[in-house]
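Computed from heavy atoms alone, side chains included, the values below leave out hydrogens, waters and symmetry copies. Positions are given from 1, in the same order as the sequence printed here. No experiment lies behind these values; they were computed from the predicted model shown. Remember, it's 1-based here, ligands and their atoms both numbered in the order they're listed.
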Amino acid sequence: MPTLGVNIDHIATIRQARQTTEPDPVAAAVLAELGGADGITTHLREDRRHIQDRDVYLLRQTVSTHLNLEMAATDEMLKIALDLKPDYITLVPERREEVTTEGGLDVAGQRERLIDFVGQLQRSGIPVSLFVDAEDAQLEACASTQAQFVELHTGQYAEAKTEAERARELDILTKGCAFAIELGLRVNAGHGLTYRNVYPVACIAGMEELNIGHTIVSRAALVGLERAVCDMKQAMRGVL
Ligand code: PXP
C-alpha cells in the first residue's frame, strides 16, 4: 500500500478566511501525524492564499514524518526551497485565477528550463517530484530532467462521471505508473482523491505515496483530523 501524504492547505484556508491565527496548520500537522499520516504536504502559493511563509518554516521544524513542499517553478520559490530544505519538493503549475491546481505541469514544453530548476534543487540535496498527467511524452520529459519522482495527476480519474470513464482513467494511471517506473522514476499520485475513489489508485502496483487534502480536511471539520486521517488509511486499505 502507498503511504499517505496529508495536504493541510485547507486548514490554512479556514484561518485566512478571517485573516486570524486559527486554526493553525502546524497544530494540524501534529494531529495528522497522530492519526497516521506518513508525510505532510503543503503548497506555498505565489498569492499566499492559504499557507504562509511562517507556516512552512514552522512545519520544517515540527513535522516528524516528512515534509513535501508543493510549489511553482519560480525564482522566488527556488530561494525559499533552498533555504527551507523540505524532504522533497513537488513542482506544480500555478495560475492565480484557478481555484485549485488544474492540470499537470507541461514538462515536455519547458524541458530545458526544468532541467536547470530540478538540477539546482537536487544538487542541494532535495529530491524533486514533477506533478504531471500520465502521458508518455510528459513522463519521458520528466525522466530527462533527472527528477527522482513524478506525481501522477488523478484529477480526471476523480472527475469521471461514469464507471466506464473511471475505469479508462484508472487504466491510464496504471499504465502511466508502470511506464514511469520503467523510465527509472518513482511514482506518487494525487488530486481530487476521496474516501470513495481512493482504493483502486492505492492498489496500483508501484505507487509510493498518495497526496490527499481536501477530502480529509472536509471530514476533519465534522469528525476531527486524527479520525479523518485514520479513516483515509483504512479507505486506502479498502476497509472503509
Ligand atoms: N497533489 C497536488 C500536486 C496538488 O496540487 C494538490 C492540491 O493542492 C493535491 C495533491 C491534493 O489535492 P486534493 O486537495 O484534491 O486532495
Side-chain angles (χ1 to χ4, degrees), residues 2-14 16 25 28-29 32 37-52 55-56 59 66-74 77 81 86-107 114 127-134 138 142 147 149-160 169 173 176-177 180 185-199 201-202 204 207-221 225 228-229 231-233 235-236:
T3 55
L4 171 63
V6 175
N7 181 315
I8 54 169
D9 293 348
H10 294 307
I11 297 290
T13 300
I14 301 172
Q16 296 312 114
D38 303 291
I40 299 297
T41 295
T42 194
H43 184 175
L44 185 66
R45 295 185 76 103
E46 183 194 9
D47 63 10
R48 308 298 198 271
R49 71 174 66 159
H50 41 51
I51 292 292
Q52 307 296 308
D55 300 330
V56 292
L59 286 166
H66 60 255
L67 180 64
N68 166 26
L69 179 70
E70 289 179 6
M71 61 179 225
T74 63
M77 287 301 150
D87 295 295
Y88 74 94
I89 281 174
T90 304
L91 295 181
V92 299
E94 207 176 285
R95 288 196 303 118
R96 271 180 181 266
E97 60 275 22
E98 68 193 0
V99 174
T100 180
T101 314
E102 281 172 355
L105 196 61
D106 179 14
V107 180
L114 285 175
V128 174
S129 177
L130 299 171
F131 180 60
V132 286
D133 294 329
Q138 290 295 348
C142 289
F149 293 84
V150 285
E151 179 172 327
L152 300 182
H153 180 221
T154 51
Q156 282 98 309
Y157 164 81
E159 281 162 25
E169 292 298 337
L173 292 170
C177 183
L185 292 156
R186 297 175 65 182
V187 184
N188 302 329
H191 208 278
L193 295 175
T194 67
Y195 293 86
R196 288 184 206 285
N197 67 20
V198 72
Y199 183 58
V201 178
I204 294 175
M207 189 60 77
E208 292 202 31
E209 182 153 274
L210 301 182
N211 286 307
I212 307 180
H214 188 268
T215 198
I216 293 176
V217 173
S218 302
R219 182 174 287 225
L225 189 54
V229 172
D231 286 354
M232 179 53 78
K233 298 279 293 217
M236 287 166 66

Could you tell me, atom by atom, which parts of ligand 1 come under 4.0 Å of a heavy atom of [X]?
X	result
Val92	3 (C)
Asn211	10 (C), 11 (C)
Asn7	8 (O)

Got [X] and [Y] here, is their nearest side-chain heavy-atom distance under 4.5 Å?
X	Y	answer
Ile8	Leu59	yes
Val187	Glu208	no
Phe131	Asn188	no
Lys233	Asp38	yes

Considering both backbone and side-chain atoms of [X], is one of its nitrogen or oxygen atoms within less than 3.5 Å of a nitrogen or oxygen in ligand 1?
X	value
Gly192	yes
Thr90	no
Gly213	yes

How close do Ala81 and Ile89 get, counting heavy atoms only, and between which atoms?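 Result for this residue pair: CB-CD1, 3.4 Å.
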Any idea which heavy atoms bring Met207 and Val201 closest together, and the distance?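 Here Met207 and Val201 meet closest at CG-O, 4.1 Å.
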Options Glu70, Met71, His43, His153, ranked by nearest heavy atom to atom 2 (C) of ligand 1, top entry: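 Among Glu70, Met71, His43, His153, the closest heavy atom to atom 2 (C) of ligand 1 belongs to Glu70.
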Nearest heavy atom to atom 7 (C) of ligand 1 wins, so pick from His50, His214, His191, Glu94.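 Nearest heavy atom to atom 7 (C) of ligand 1 lies in His191.
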Is there a donor-acceptor contact under 3.5 Å linking the side chains of Gln138 and His153?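 No, no side-chain donor-acceptor contact under 3.5 Å.
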Of the side chain and backbone of Glu151, name the one, both, or neither that has a heavy atom under 4.0 Å from an atom of ligand 1.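 For Glu151, only side-chain atoms sit under 4.0 Å from ligand 1.
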